[in-house]
Peer 1: 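Mind looking over this structure? Questions follow.
In what follows, every chain begins at residue 1, and chains take the letters A, B, ... in the order their sequences are listed. All of these numbers come straight from a predicted model, not from anything done at the bench.
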Protein chains: 2
Amino acid sequence: MTETRLRADSARTVLAILEAAERTLNRKPTATMEEIAAAAGVARTTVHRRFATREALLDALTTWAAQQLADAVDAARPEATPPLIALYQATTNVLAVKLSWGFAMNTALAPGNEAERIQAAVVERCDALFARLAEANILRPGITPLWCRRVYYALLHEVCQDANANPDTELDTDAVATQVVETLLHGVGTPGTTL
Amino acid sequence: MTETRLRADSARTVLAILEAAERTLNRKPTATMEEIAAAAGVARTTVHRRFATREALLDALTTWAAQQLADAVDAARPEATPPLIALYQATTNVLAVKLSWGFAMNTALAPGNEAERIQAAVVERCDALFARLAEANILRPGITPLWCRRVYYALLHEVCQDANANPDTELDTDAVATQVVETLLHGVGTPGTTL
DNA sequence: ACTACTTGCATCACGAATGTTGCAAGTAGT
DNA sequence: ACTACTTGCAACATTCGTGATGCAAGTAGT
């Protein structure tokens, strides 16, 4: 394994390709290498030089996005700050990443992918955070941390999809994060209403 | 336009193909006509006789699923019964359909598709139901019906995805519907907790 | 300035999926 | 039983996406 170091321009090209892949595949998941290359402003052959196969490109893309996500979670210090603060901070950070890498984060990852490991680690930290919230009696009794995470992920996914459908209107990440956390904790109903 | 009536066996074949397409594409969205035909137990040429192109098949599939959904909503009589009852009933009915036609309901529909019209009508009825809930003070002030529907759809999508990932464990539709409605209204948090 | 790397372009090979057609066998409906 | 429809099978043409290669021009880094 000769670790060839990348020349500066080449590194820029790789990033451009990844970003173009994200943008293009987000709009059309069946987009071809040709289209991705065009969006990146390079020739198709250049893409193939950097990523031997389409699968290799997808792998790199998902791994890259997963790493961005993990970094966003890290930045919120979810095990150091009070759980509610951490939840809010993490939500804000994650939203920013998910908005830029929506496709890469929702695409099914190939088994054995590095991204799988990273995402699993994020899930674990998320569950740990919800466990801390449960300990602090912030979660309603009978609610499992698993269900919490699922609802939380679903809400995050929803707001990102929506933002993605309206690319013109730029949105206030903080406001959206608040809305997500509020809804996660209290839903949309008046307190005390039951079936 | 000569409306050729279908022979009984042919009608059965068409349904088998639609169901096979749903099943197959749900597991692998890039499945080929060949695979769909195999899953339906027919030859590939037969599929092409019923649906001229792949796009035509997808169109028929999404339209069929949308109609099933609309029927499920109908059966709940959402404008006749008290809104909370209707919400619960509709959730139960919709869940059953969404579990069987998950792919067809989440796939992006081609513009001008009949399914588009039907789904839009369902959305309208959904919004109307949430408007009734708001009138009955069951919705928290400041919560828009639009946000309600988005959260509601997200929760439905989430539980279906989960059920889909675990096809072995059959689930209690009523219990899941309750969980969805409960979470929609009250979230996962203890009442009174704020940021 | 010199060298090594990178890129664009043209071209080719290959495989896979789509869509079509003709024919023979079988089945629904009368 | 008779007819019309439907199906399976085999074969074919075509298109499209993928991946590889050789060569000339250009650029980064020293």
Side-chain angles (χ1 to χ4, degrees), chain A residues 1-62 64 103-104 107-110 113, chain B residues 1-62 64 103-104 107-110 113:
Chain A
M1 281 284 192
T2 30
E3 269 293 322
T4 319
R5 213 169 327 177
L6 289 182
R7 223 169 65 179
D9 54 351
S10 168
R12 255 180 291 125
T13 303
V14 169
L15 235 180
I17 292 174
L18 286 178
E19 291 173 344
E22 164 61 35
R23 252 179 296 133
T24 310
L25 292 171
N26 198 9
R27 286 190 227 129
K28 201 218 280 188
T30 63
T32 68
M33 295 295 225
E34 184 76 49
E35 295 173 283
I36 295 173
V42 300
R44 187 173 64 93
T45 45
T46 301
V47 178
H48 273 109
R49 282 202 194 89
R50 295 297 155 201
F51 306 97
T53 70
R54 183 194 181 84
E55 198 194 342
L57 172 59
L58 268 293
D59 260 39
L61 179 59
T62 51
W64 170 264
F103 169 82
T107 195
L109 5 94
N113 191 335
Chain B
M1 281 283 190
T2 31
E3 267 294 321
T4 319
R5 214 169 326 175
L6 289 182
R7 223 168 66 177
D9 54 351
S10 167
R12 255 179 291 125
T13 303
V14 169
L15 235 180
I17 293 173
L18 286 178
E19 289 172 345
E22 164 61 35
R23 249 179 299 133
T24 310
L25 292 171
N26 197 8
R27 285 190 228 128
K28 201 218 281 189
T30 64
T32 68
M33 294 295 206
E34 184 77 48
E35 296 174 282
I36 295 173
V42 298
R44 186 173 64 90
T45 44
T46 301
V47 178
H48 272 108
R49 282 203 193 87
R50 294 298 154 200
F51 306 96
T53 72
R54 183 193 181 84
E55 198 194 343
L57 172 60
L58 268 294
D59 259 40
L61 179 60
T62 51
W64 171 264
F103 170 82
T107 195
L109 4 94
N113 190 337

Peer 1: Does any part of the side chain of F51(B), heavy atoms only, come nearer than 4.5 Å to the side chain of V14(B), both counted from C-beta?
Peer 2: yes
Peer 1: For the atom pair CD1 (I17(A)) and CG (L57(A)), what is the distance rounded to the nearest 0.5 Å?
Peer 2: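 One gets 7.5 Å once the value is rounded to the nearest 0.5 Å.
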Peer 1: Could you tell me the separation between the CE atom of M33(B) and the OG1 atom of T45(B), rounded to the nearest 0.5 Å?
Peer 2: 12.0 Å
Peer 1: Under a 4.5 Å cut-off applied to non-hydrogen side-chain atoms, are L25(A) and L61(A) in contact?
Peer 2: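 Touching, per the 4.5 Å side-chain cut-off.
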Peer 1: Hey, could you give me the NZ/CZ distance between K28(B) and R23(B), rounded to the nearest 0.5 Å?
Peer 2: 15.0 Å
Peer 1: Is L58(A) close to F103(A) at the side-chain level, that is, under 4.5 Å between some pair of heavy atoms?
Peer 2: yes
Peer 1: Looking at CD1 of I36(B) and CD of E19(B), how far apart are the two atoms once the value is rounded to the nearest 0.5 Å?
Peer 2: 13.5 Å
Peer 1: Kindly say whether T32(B) contributes a backbone atom to a donor-acceptor pair with the side chain of E35(B) at under 3.5 angstrom?
Peer 2: yes
Peer 1: If you write DNA chain C from 5' to 3' in dot-bracket form, with Watson-Crick or G-U pairs under 3.5 Å, [ ] for crossing pairs and | for pairs with another strand, what do you get?
Peer 2: ||||||||||||||||||||||||||||||
Peer 1: What is the distance from NE2 of H48(A) to C1' of dT18(D), rounded to the nearest Å?
Peer 2: 5 Å
Peer 1: List in chain and number order the residues that pass salt bridge (charged side-chain N to carboxylate O under 4.0 Å, His left out) with E22(B), two or more places apart in sequence or in another chain; answer none if no residue qualifies.
Peer 2: none
Peer 1: With the criterion being N/O to N/O and under 3.5 Å, what pairs connect the protein with nucleotides 7-9 of chain C, and how long is each?
Peer 2:
{"residue": "dT7(C)", "atom": "OP1", "partner": "T13(A)", "partner atom": "OG1", "Å": "2.8"}
{"residue": "dT7(C)", "atom": "OP2", "partner": "R50(A)", "partner atom": "NE", "Å": "3.4"}
{"residue": "dT7(C)", "atom": "OP2", "partner": "R50(A)", "partner atom": "NH2", "Å": "2.9"}
{"residue": "dG8(C)", "atom": "OP2", "partner": "A43(A)", "partner atom": "N", "Å": "3.0"}
{"residue": "dG8(C)", "atom": "OP2", "partner": "T46(A)", "partner atom": "OG1", "Å": "2.4"}
{"residue": "dG8(C)", "atom": "O6", "partner": "R49(A)", "partner atom": "NH2", "Å": "2.7"}

Peer 1: Within the distance-only criterion (no hydrogens, no angle test), does the side chain of T62(B) pair as donor or acceptor with the backbone N or O of D59(B) below 3.5 angstrom?
Peer 2: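 Pair found, side chain donor or acceptor close to backbone of D59(B).
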Peer 1: Mind running a 4.0 Å heavy-atom check of residues 51-58 of chain B against DNA chain C and sending the residues that fall below it, in number order?
Peer 2: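 Close to the strand are A52(B), T53(B), R54(B).
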Peer 1: Could you tell me whether the side chain of T46(A) and the main chain of V42(A) form a donor-acceptor pair under 3.5 Å?
Peer 2: no
Peer 1: Specify the closest pair of heavy atoms between A20(B) and A39(B), including all atoms of both residues, with the distance to one decimal.
Peer 2: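 Heavy-atom minimum between the residues: CB-C, 3.7 Å.
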Peer 1: Looking at residues 24-39 of chain A, who's got a heavy atom less than 4.0 Å off DNA chain D?
Peer 2: T32(A), M33(A)
Peer 1: Restricting to pairs with a member in residues 37-53 of chain B, which pass salt bridge (charged side-chain N to carboxylate O under 4.0 Å, His left out), not counting sequence neighbours?
Peer 2: E34(B)-R44(B)
Peer 1: Rounded to whole Å, please give me the gap between CZ in R7(B) and C1' in dC5(D).
Peer 2: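 It works out to 4 Å between those atoms.
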